[in-house]
Amino acid sequence: MSSRSYNMERVSPFFAPNRILLGKGVAGQVGQEVRMLGGKKVLIVTDPGVVKVGLTAAIEEGLKAEGIPWGIYADVVPEPPARIIDEAAKIAREGNYDTVIGIGGGSSLDVAKGVAMMATHTGKALDYVGQNMFKERGLTKILIPTTAGTGSEATGVCVVTDEEENTKKSYYSHLLLPESALLDPLLTVSMPPSVTADTGMDALSHAVESFVSVNRTPHSEILSLEAIRLIAESMAVACLKGSELWARYNMLLASNLAGMAFTSGGLGASHGLAYPLGTEYHIPHGKSNAIMLPHVMRFNRVACPEQFAKIAVAMGQPIEGLPLYDAAEMACEAVEQLIETIGLSSRLPDYGVPDTDIPRLVECALKQSRFFVPNPRNLGEKEIRSIYEMAF
Ligand code: NAD
C-alpha cells in the first residue's frame, strides 16, 4: 500500500479502547485491572452458555484474589433485545455497582456496554439508539471477548434487537469504548467449530468491508488488511483443530484489529443484507455474514478493484500478471474457498430460505440503509434484490 494514496485533506478519526491487554492467561489479571481503574464493586454481564463452559470462573477468582465484591447477570441471549439492557441496568443501579465486566461473545459484550451506559442515563435503552446519543461515559467498562469475533471490545458500537419492529438497531458513540479490553486466547478454545466459523466470518466481514469502505482511513486500512492476512492464515486451523492456541491467538487479534478498523472506517452492504437473516430466520450473526459477504464483494469489486486486489494478496492469492479485474475477482474466490473449507455455505437454500422470501428480505434490508452509505457502490431496491438472488 503506497502512503501516497492517503487523502491528506480529510481529517481521519481513529477510535480504540483506552487499554488493550493481549496474552495467554491475561483474564486472570482482571482483579488488578479493576483496582487500577478504581473499581469497588463489579457487575459481571454474560450469558448462560459462557457460564456453562466455565469461562466466568477465572474472572471470579481474579476478583476474589483482590477482595473485590461482585454480582453476576447471566441472562444475556443471542441478538439481545434492548429490554435486557434495561433489566440489567436496573440491577446495576440498585446494587450501586461502579464497574461492569462483560465476558462472552458480542451479545454479552454489547449488553455490558449498554448496561454501563444505562446505569447512569434516564429512560429506556431504545431511547439512545443512533449516533452520539449518550451524554456521559457511564460506569467503568472492562470487556473480555470469548469469541473471535465481533471485535465489540474494540468498537464504539452496541447492537440490539428492537422486538416491536423486529429489526436490529445500533448505538454509535466513542463513549461505548471500554476503559480496558482483556484478550485471552485461552477463553476462546472452548468455542465449538461452528461458533468459531460463524464468528470468524464476522471478523473477516468487518475487515473486508472496512477495507473497501468509502470512509476508510489510514488507520483502518492498515488494521483491516492485517486482520484479513491473519484470518486467511489461521481461520481454517482454528475451526478444524481448535486446540491450536497460535490460531486462536491470531483470530482473537484479527477480530480486535478488525473491530478498531470498522469503528473508525465503517462497514458496508454485507452487514446491511445479513441483518435480516438474523431477525427473520434467526441465523447467527456471523453465519449471516458468511452467506452475504462473497456476493456483496462480487457486486462491489468493480467500484474499487485495487482494494480487492490487495485483499487477494493478503489472502495469499497469486495475482501477479493478472489484469486488475481478474485480480479483484481472486479476492471473492479466496473468501468463497475459505467459507467452503470451514464447512459453511453462502447459499440461502442451504439454510431453508425459499426464493419466494426475497421481497421480504429486500424490505427488511431497506431498513438497514445506514450500512449502504459507506459501501463503495450505491444500492437501491433493485441492487439489493439482485444480490439476494446471487445467494440462491
Ligand atoms: P454470541 O455472543 O451471541 O454467542 C453465540 C454463542 O456462543 C452463545 O451461545 C455463547 O454462549 C457461545 N459462546 C461464546 N463464547 C464461547 C466459548 N468460548 N465457548 C463456547 N461457547 C461460547 O455471538 P457473537 O457472534 O460473538 O455475537 C453476536 C452479536 O454481536 C450480535 O448481536 C451482533 O449484532 C453483535 N455485534 C456487535 C458488534 C459491535 O461492535 N458491538 C460487532 C459485530 C457484531
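Numbering of ligands and ligand atoms starts at 1, following listing order. No hydrogens, no waters, no symmetry mates; every other heavy atom, side chains included, goes into these values. When a residue number appears, it is its place in the shown sequence, counting from 1.
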Report summary line: Quick look: Leu187 vs ligand 1, heavy-atom contacts under 4.0 Å, and the answer is backbone
Query raised in the report: What atoms of ligand 1 come within less than 4.0 Å of a heavy atom belonging to Phe262?
Result: 40 (O), 42 (C)
Report task. Could you see which bit of Met191 sits under 4.0 Å from ligand 1, with heavy atoms only: side chain, backbone, both or neither? Result -> both
Requested in this report: Give the atoms of ligand 1, by number and element, whose distance to some non-hydrogen atom of Thr155 is under 4.0 Å.
Outcome: 39 (C), 40 (O), 41 (N)
Requested in this report: Can you pull out the closest protein heavy atom to atom 31 (C) of ligand 1? Residue, atom name and distance to 0.1 Å, please.
Outcome: Lys168 NZ, 3.7 Å
Requested in this report: Answer yes when Arg377 and Glu383 have at least one side-chain N-carboxylate O distance shorter than 4.0 Å, and no when they do not.
Outcome: no
Report summary line: atom 3 (O) of ligand 1 sits nearest the protein heavy atom Ser107 OG, 2.6 Å
Query - Nearest protein heavy atom with distance in Å, relative to atom 35 (C) of ligand 1 - result: Asp110 OD2, 3.6 Å
Requested in this report: With heavy atoms only and a cut-off of under 4.0 Å, state how His206 meets ligand 1: side chain, backbone, both or neither.
Outcome: side chain
Report summary line: heavy-atom search around atom 15 (N) of ligand 1 in the protein gives Thr146 OG1, 2.7 Å
Query raised in the report: Can you tell me the protein heavy atom closest to atom 9 (O) of ligand 1 and the distance?
Result: Asp47 OD2, 4.5 Å
Query raised in the report: Under 4.0 Å from any heavy atom of Leu55, which atoms of ligand 1 are there?
Result: 17 (C), 18 (N)
Query raised in the report: For ligand 1, does Asp202 get within less than 4.0 Å through its side chain, its backbone, both, or neither, judged by non-hydrogen atoms?
Result: side chain
Query raised in the report: Can we say Glu244 and Lys241 salt-bridge, meaning some charged N sits less than 4.0 Å from an Asp/Glu carboxylate O?
Result: no
Report task. Indicate yes or no: does Lys367 engage Glu363 in a salt bridge with an N to O separation below 4.0 Å. Result -> no
Report task. Please could you name the atoms of ligand 1 that Pro80 approaches to less than 4.0 Å, counting only its heavy atoms? Result -> 32 (O)
Query raised in the report: Hey, are Arg385 and Glu381 close enough for a salt bridge, meaning a charged N less than 4.0 Å from a carboxylate O?
Result: yes
Distance-only donor-acceptor pairs under 3.5 Å for side chains of residues 36-46, two or more places apart:
residue, atom, partner, partner atom, Å
Lys41, NZ, Gly95, O, 2.6
Thr46, OG1, Ile103, O, 2.8

Query - NZ/NE/NH1/NH2 to OD/OE distance under 4.0 Å, Glu306 and Lys310 - result: no
Query raised in the report: Which residues satisfy the ring pair (Phe, Tyr, Trp, His ring centres under 6.0 Å) test with Phe134, sequence neighbours excluded?
Result: His121, Tyr128, Tyr171
Report task. Considering only NZ, NE, NH1 and NH2 on the basic side and carboxylate oxygens on the acidic side, decide whether Glu179 and Arg19 come within less than 4.0 Å. Result -> no
